[in-house]
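Have a look at the structure below, then the notes.
Sequence lines set the chain letters: A, B, ... in the order given, protein chains first and strands last, and positions in each chain run from 1.
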2 protein chains.
Amino acid sequence: MDTALRALAEPRRREILRLVWDRERAVGEIAASVGVSQPAVSQHLQVLREAHLVSDRRDGARRLYRARPDTVQALREFLDDYWTSGLSQLRDAAEAAEQSKRSKRRREH
Amino acid sequence: MDTALRALAEPRRREILRLVWDRERAVGEIAASVGVSQPAVSQHLQVLREAHLVSDRRDGARRLYRARPDTVQALREFLDDYWTSGLSQLRDAAEAAEQSKRSKRRREH
DNA sequence: GACTTATATAAGTGTCAACTTATGCCTTGC
DNA sequence: GCAAGGCATAAGTTGACACTTATATAAGTC
């Protein structure tokens with residue numbers, strides 16, 4: 001999970017992840033889009049793959065990559081929990097300061 | 001917003017953000033917890049401050065830091081949009097695959 | 001099998017940033 | 001004012017990493 005966060009910290013990797021989001025793409029295709037060398041893209045894809053953020057499959061001589069919605073979803077939920085747990089603590093503390101309780105139900109949307 | 005993501009990419013900064021999440025803490029207190037030098041903590045806090053992820057106030061000779069829930073909330077919503085927009089694109093692509101057209105318009109955001 | 005195309009890996013380079021120690025700046029207590 | 005505590009800033013070092021070119025591996029074509 002930390003791997004995924006570190007993978008997303010790099011703007012170029014977010015750009016690449018965007019590209020393979022709606023449809024799978026070949027490495028060369030990605031390299032042409034982002035404007036760096038093909039090895040650079042391969043290295044980024046390796047990082048994304050190790051973070052389980054993309055999946056790959058062979059297509060003849062090419063290799064197609066695409067985003068993995070399951071991992072992306074899991075990461076999103078992790079971040080949601082990360083934030084909300086902290087936010088709820090803050091809100092609880094603020095409320096307790098003036099009158100206490102009753103807002104906990106409002107947090108789950 | 002990219003600043004906030006880069007700030008959170010560093011595990012040590014997430015650890016620090018966790019520490020100042022529920023209550024404000026002094027720099028020295030944080031340094032003692034995370035096990036690095038005080039200047040290192042000050043530098044991390046500066047990054048977090050520039051990302052608007054923490055606020056600070058003077059307390060005598062000390063300086064107290066704490067997380068800024070508003071920015072954290074904004075970042076959370078940004079990430080939610082980031083994911084959901086991609087997920088909806090995936091859904092669109094899946095639809096287009098079996099019946100075609102009509103999803104192309106939705107892709108330009 | 002030789003040639004081409006597509007990608008992965010190797011090796012090298014430069015930059016950035018996380019950390020260190022040293023020092024300066026405030027604030028408080030005497 | 002002066003000393004001490006608390007933090008920020010300066011300067012330097014080191015390791016990580018994003019990128020490059022060069023080369024190896026794999027698949028398709030003839």
Side-chain angles (χ1 to χ4, degrees), chain A residues 1-68 71 75, chain B residues 1-68 71 75:
Chain A
M1 189 54 73
D2 188 74
T3 329
L5 255 181
R6 261 196 22 248
L8 288 176
E10 182 60 32
R12 182 95 14 141
R13 276 195 288 268
R14 290 202 302 274
E15 183 184 2
I16 291 176
L17 190 61
R18 278 281 198 198
L19 282 175
V20 298
W21 208 305
D22 52 341
R23 63 168 179 272
E24 54 187 3
R25 292 181 198 262
V27 178
E29 187 183 357
I30 299 172
S33 290
V34 302
V36 292
S37 69
Q38 169 266 312
V41 171
S42 280
Q43 289 160 17
H44 281 307
L45 285 170
Q46 182 181 0
V47 174
L48 290 171
R49 193 173 349 115
E50 286 171 354
H52 305 287
L53 284 168
V54 297
S55 60
D56 61 313
R57 73 176 180 90
R58 271 230 165 265
D59 174 45
R62 304 186 307 168
R63 185 168 287 271
L64 302 178
Y65 284 82
R66 73 167 175 188
R68 283 186 51 174
T71 301
L75 178 62
Chain B
M1 187 54 72
D2 189 73
T3 328
L5 254 181
R6 266 199 12 251
L8 288 176
E10 183 60 33
R12 185 91 37 161
R13 275 194 288 268
R14 291 202 300 275
E15 184 183 1
I16 291 176
L17 190 61
R18 277 282 196 198
L19 283 175
V20 298
W21 206 305
D22 52 343
R23 64 166 178 273
E24 52 187 4
R25 292 181 198 262
V27 178
E29 187 183 354
I30 299 172
S33 290
V34 302
V36 292
S37 68
Q38 169 265 312
V41 172
S42 281
Q43 289 159 20
H44 281 308
L45 286 171
Q46 182 181 359
V47 174
L48 290 171
R49 195 174 348 116
E50 285 171 356
H52 304 288
L53 284 168
V54 296
S55 60
D56 61 312
R57 72 175 180 92
R58 272 229 163 265
D59 174 45
R62 304 185 307 167
R63 184 168 287 271
L64 301 179
Y65 284 83
R66 74 168 175 188
R68 283 186 50 175
T71 301
L75 178 63

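Between the C1' atom of dC7(D) and the CZ atom of R25(B) lies a distance of 18 Å, rounded to the nearest Å. Between the CD atom of E50(A) and the P atom of dA8(C) there is a distance of 12 Å, rounded to whole Å. In this structure, CD of Q46(A) is placed 15 Å from C1' of dC19(D), rounded to the nearest angstrom. Going from atom CD of E24(A) over to atom C1' of dA6(C) covers 16 Å, rounded to whole Å. Note: CD1 (I16(A)) to P (dA18(D)) measures 11 Å, nearest angstrom.
Between V54(A) and I16(A) there is no side-chain heavy-atom pair separated by less than 4.5 Å. Counting only heavy atoms from C-beta outward, the side chains of L5(B) and L8(A) never approach each other to under 4.5 Å.
Partners of R58(A) under the side-chain hydrogen bond (donor to acceptor under 3.5 Å, both in side chains) rule, at least two apart in sequence or in another chain, do not exist in this structure. In terms of the side-chain hydrogen bond (donor to acceptor under 3.5 Å, both in side chains) criterion, R12(A) has no residue partners (sequence neighbours excluded).
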Run the side-chain contact (heavy atoms from CB on, under 4.5 Å) check on R18(B) and E15(B) step by step: do they pass?
-> CA-CA 5 Å; R18(B) 277 282 196 198; E15(B) 184 183 1; 5.6 Å; no
Passes side-chain contact (heavy atoms from CB on, under 4.5 Å), L45(A) versus D56(A)? Steps please.
-> CA-CA 9 Å; L45(A) 285 170; D56(A) 61 313; over 6 Å; no
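For Y65(B), no side-chain nitrogen or oxygen approaches OP1 or OP2 of dG6(D) to under 4.0 Å.
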What is the per-nucleotide protein-contact pattern of nucleotides 15-30 of chain C, from the 5' end, where B denotes a base atom under 4.0 Å from a protein heavy atom, S denotes such proximity for sugar-phosphate atoms only, and - denotes neither?
-> ---SBBBB----SS--
